[in-house]
Protein chains: 2
Amino acid sequence: MHQKRQRPTTGRITINDVAERSGVSIKTVSRVLNNEPSVRPSTRARVEAAVRALDYSPNPSARGLAGTQSRMIGLIYDNPSPNYLFRTITGVLEACNGAGYALSLQAPNPDEPDLAESVTRFVSQSRVDGLLLIPPVGDVVAVLDALEAIGLPYARVSPLDGRPGLGVSVDDRHASAQVVAHLTGLGHRRIGFISGHPEHGATQSRLEGYRLGLLRKDLDFERELVVGGRFDLESGRRAGAYFLDMENPPTAIFASNDEMAAGLLQVALERGWRIPEQLSIAGFDDTPLSRTLWPPLTTVHQPIRHMALRATELLLENLAENLHENLDIHGHAGSKRLGSRVEVFDAPLVERATTAPPPD
Amino acid sequence: MHQKRQRPTTGRITINDVAERSGVSIKTVSRVLNNEPSVRPSTRARVEAAVRALDYSPNPSARGLAGTQSRMIGLIYDNPSPNYLFRTITGVLEACNGAGYALSLQAPNPDEPDLAESVTRFVSQSRVDGLLLIPPVGDVVAVLDALEAIGLPYARVSPLDGRPGLGVSVDDRHASAQVVAHLTGLGHRRIGFISGHPEHGATQSRLEGYRLGLLRKDLDFERELVVGGRFDLESGRRAGAYFLDMENPPTAIFASNDEMAAGLLQVALERGWRIPEQLSIAGFDDTPLSRTLWPPLTTVHQPIRHMALRATELLLENLAENLHENLDIHGHAGSKRLGSRVEVFDAPLVERATTAPPPD
DNA sequence: ATTCAAAATGACAGCGCTAACAAATTTTTC
DNA sequence: GAAAAATTTGTTAGCGCTGTCATTTTGAAT
């Protein structure tokens, strides 16, 4: 018996097997797989049965090659906190799983100075259908321009600018003002503020919220009560040292993220201050840290997981729309419309144990 | 002028363009792209020039379909800490970027009770070339069996069992004993231990290390000085309450991860204990938390990023080997050899501010 | 019944690449 | 310098799907 040498076939089940078993053409199987209309319910059922019986799942490479989508979205992160990234990924994956999309992760090469370049390369190498951008990458105009130039849909989490596009955000300004309201409500009148990294989007709006909060209580904005930080522990410590060294230190300090609040707390404890009796401290973000510190930190909760989930949904919806609109497009390669939609989430104050009425 | 209706071609540059421009066949371009031997250096240079000039990058779908690899590896995580996942991803991505691989992330569906099933589905849907497993998924025998059944290469970070395969780990036992040595060196003789989640691999070896450390100093292992935790804050608090309520509490407590140490620290501070003067505390993992707490935590550093990087390298090396060994394989579909290699990393003790000589 | 539109299905090309093999070229050997 | 061996290059056939368009079937309207 002579067997002709064959290319070692993968041995996997293909669309042909499903077609054969259900007695239809492969095109019809394809239609069922892609949920296209105009398939008789009875036929659809038969095909679905065969799919299940054979435990078939379509080859993504073949789909990607033949079709126009890769069913994969990318997430690019530059320098988020571990916790932020974790919650984001969790949300994104939730959305992806429901929709049959895969998630490809990428961090830009730190050696590559040109971020937009890095992003473009990733996109052209991985052929994702769309991109999810989280801060701070999501705020780099050059990146967004580059993506629009190549016509790749994207959605942003917490964009700071008013640029049209898909995104979800939180009203940082409002939340920040709420913190001040909480503090003034306790009786504080001298409230320090540690602002964030100058290049982070949220920095500005949180500062504005602080001012707004003061304004609402007719409190003066005092320059000496605001110090610039970088969203990290060390800058929180520096700011703490600055405030505690003042002749007339504030009775409450609002750090615009939890990490800096932790730094501030360290310095205060180190110097023997009793928190919150002698000094109230508030943070922002509600990272797990805020519950791990002692005393547990009063802070603002950011629904990051949920925001990421929703941003992904917006992106995937957009991808689906673009797909159907393909008919209208005449040769304009990559003339995808991004649409514009930003959903705003609530960021509620979480009162824990670092805030109390001022001494006296 | 009548233009024939064409399928809207992607407009992208393909291997044909590169071949044309460099005056060779597409197969030669393919050879250059895949770093295959037997291409004259001069030809190679010409092709590479064309690739650069056209800014060409191969279509991964086409490669995946025509070839045997997808150049994508998967990372499955079940329930790691945000920080652990972050450091892992960072390391994995470093390795991937260097090798031209993409990373696909996946978390098993929490509703799906059968983890192995979840993993298998992910693998067959995404067609990754290999998988990276981190604890606790990496310790589930059913998952490993399933992967071996379908012949998918994988590498594990911190595997606990002696199962042959690719992996990197840390000598938890040794590191743990080191902590005890540090404590006894300071003069402690009564050392409490908070053990970890019973289903985590490290739990057992860290406990063994604790016993070993005691043994070396001829100290008795006392049942009442060991309490079970779950690697989370709350269990650290419970354990703390237990120890501090004892008639004769230990002078030092070794929590087998940082999170539990933080819980313990909370309870101690809450009750007005001075740390480290009245009680020494040590953790394990060296998460950022350990620097953020006050006082900063003495702990054991785990080189997670580096371990993940190395595990990925092992996996990718294995993939490359399998590729070349294809010749030897006769019809045994998926008869990939995993090889066996486990690299052990050092986990050094980091002395910070929660440990000091015992009172008296 | 008969005609016609609408809905359902199928045939077939080809996406961009790699595997297998064939052919052409260069190098070595005597 | 011719033959043999080794090296380099090219030709061709798919991989498993989806897009286009042709064909068949169905259901309604006459």
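Because the structure is a prediction, the values reported are computed rather than measured. Below, chain A is the first sequence line, B the second, and so on; all start at residue 1.
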request  = Not counting sequence neighbours, which residues clear side-chain contact (heavy atoms from CB on, under 4.5 Å) with A/Arg127? List them please.
outcome  = B/Arg12, B/Ser57, B/Asn59, B/Pro60
Measure from the side-chain heavy atoms of [X] and tell me the nearest of [options].
X       : options               : value
B/Ser38 : C/dC17, D/dT9, C/dT18 : D/dT9
A/Tyr56 : D/dC17, C/dT9, C/dA19 : D/dC17
B/Leu65 : D/dT8, D/dC15, C/dC17 : D/dC15

query = Less than 3.5 Å between a donor and an acceptor, one on the side chain of B/Arg127 and one on the base of D/dG16, is that the case here?
reply = no
With sugar-phosphate meaning primed atoms plus P, OP1 and OP2, does [X] contact a base, only sugar-phosphate, or nothing at under 4.0 Å between heavy atoms?
X       : answer
A/Asn34 : sugar-phosphate
B/Ser61 : nothing
B/Pro58 : sugar-phosphate

query = Do you know the tightest heavy-atom contact between A/Thr14 and A/Asp17?
reply = N-OD2, 2.8 Å
Starting at [atom1] of [X] and ending at [atom2] of [N], how long is that distance when rounded to a whole Å?
X       : N      : atom1 : atom2 : result
B/Leu54 : C/dG16 : CG    : P     : 14 Å
B/Arg44 : D/dT7  : CZ    : P     : 15 Å
B/Arg31 : C/dC21 : CZ    : C1'   : 11 Å
A/Leu33 : D/dG16 : CG    : P     : 15 Å

inquiry  = Does any part of the side chain of B/Cys96, heavy atoms only, come nearer than 4.5 Å to the side chain of B/Val92, both counted from C-beta?
reply    = yes
task = Please examine the side chains of A/Gln106 and B/Leu93, heavy atoms only from C-beta on, and report whether any two atoms are closer than 4.5 Å.
result = yes
Show each protein N/O and nucleotides 23-28 of chain C N/O combination with a separation under 3.5 Å, one pair to a line.
none

message = Which residues in residues 17-29 of chain B have a heavy atom closer than 4.0 Å to any atom of DNA chain D?
response = B/Val24, B/Ser25, B/Lys27, B/Thr28
message = Applying salt bridge (charged side-chain N to carboxylate O under 4.0 Å, His left out) as the test, list every pair that has at least one member in residues 102-115 of chain A; sequence neighbours left out.
response = A/Glu112-A/Arg121
remark   = What residues 45-53 of chain B contributes to the DNA chain C interface at heavy-atom separation below 4.0 Å is none
Salt bridge (charged side-chain N to carboxylate O under 4.0 Å, His left out) against A/Asp145, all qualifying residues, sequence neighbours excluded = A/Arg163
